[in-house]
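Taking it in order: structure first as structure tokens, then the write-up.
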Amino acid sequence: QDVVTILKFFWPNQKVTEQNITPRMILFVDKIMHESKLCSDRMDWVPRPAGVKPSPKWVLKQIKKVAQRVRDKHPDIYNLCKSTVASNMISEYRDILYVGF
């Protein structure tokens with residue numbers, strides 16, 4: 001059930017059931033979770049856009065926010081990371097889903 005939930009999170013329009021879950025699919029889910037986490041961890045280090053020419057005060061504020069995100073180690077996956085992983089791995093997902101093994 002958990003594997004199906006994660007797959008539907010990444011590919012909500014794909015039909016997947018518990019009958020589709022194989023050992024290979026479980027390893028694949030581990031791979032997409034790992035890739036998503038790596039991406040999200042990297043995103044924590046990216047300052048947010050200033051909108052105008054940044055001042056030293058704004059830079060210090062961004063550094064503080066980056067440090068806070070890194071300290072918090074938030075469990076969220078950024079939408080950008082979700083979309084990138086889903087796009088990059090859709091072929092492999094379909095191969096496992098429809099071919100199996």
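Here the structure is a predicted model, which is why all the values come from computation and not from measurement.
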Who pairs with Q1 by side-chain hydrogen bond (donor to acceptor under 3.5 Å, both in side chains), at least two apart in sequence or on another chain?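 By the side-chain hydrogen bond (donor to acceptor under 3.5 Å, both in side chains) rule, Q1 matches no residue at all.
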
Are D44 and Y78 close enough that a side-chain donor and a side-chain acceptor fall under 3.5 Å? yes

Cation-pi check, K82 onto F10 ring (under 6.0 Å, within 45° of axis): no

Partners passing side chain to side chain contact (heavy atoms under 4.5 Å, CB included) against [X] (at least two apart in sequence or in another chain):
X   : value
D30 : none
I26 : V3, I21
T84 : L80, N88

Before you tell me yes or no, could you show the steps for D2 and T5 under side chain to side chain donor-acceptor pair (under 3.5 Å), namely the whole-Å CA-CA distance, both residues' side-chain angles and the distance that decides it to 0.1 Å? CA-CA 5 Å; D2 293 335; T5 300; 5.1 Å; no

Please report the C-alpha distance between K8 and Q14 in whole Å, then the side-chain angles of each, then the deciding distance to 0.1 Å, and finally whether the side-chain contact (heavy atoms from CB on, under 4.5 Å) criterion is met. CA-CA 7 Å; K8 287 183 178 182; Q14 297 288 316; over 6 Å; no

Without placing hydrogens or testing angles, list every side-chain donor-acceptor pair under 3.5 Å for residues 53-62, not counting sequence neighbours.
unit_1, atom_1, unit_2, atom_2, d
S55, OG, K57, N, 3.4
S55, OG, W58, N, 3.2
Q62, OE1, R48, N, 2.9

Check: S83 main-chain N/O paired with S87 side-chain donor or acceptor under 3.5 Å: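 Judged by distance alone, no pair lies under 3.5 Å.
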
Could you list all the disulfide bond (SG atoms under 2.5 Å apart) pairs where at least one residue sits in residues 18-67, not counting sequence neighbours? C39-C81

Quick one: CZ on R24 to NZ on K31, what's the gap to the nearest 0.5 Å?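 Nearest 0.5 Å value for the CZ-NZ distance: 9.5 Å.
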
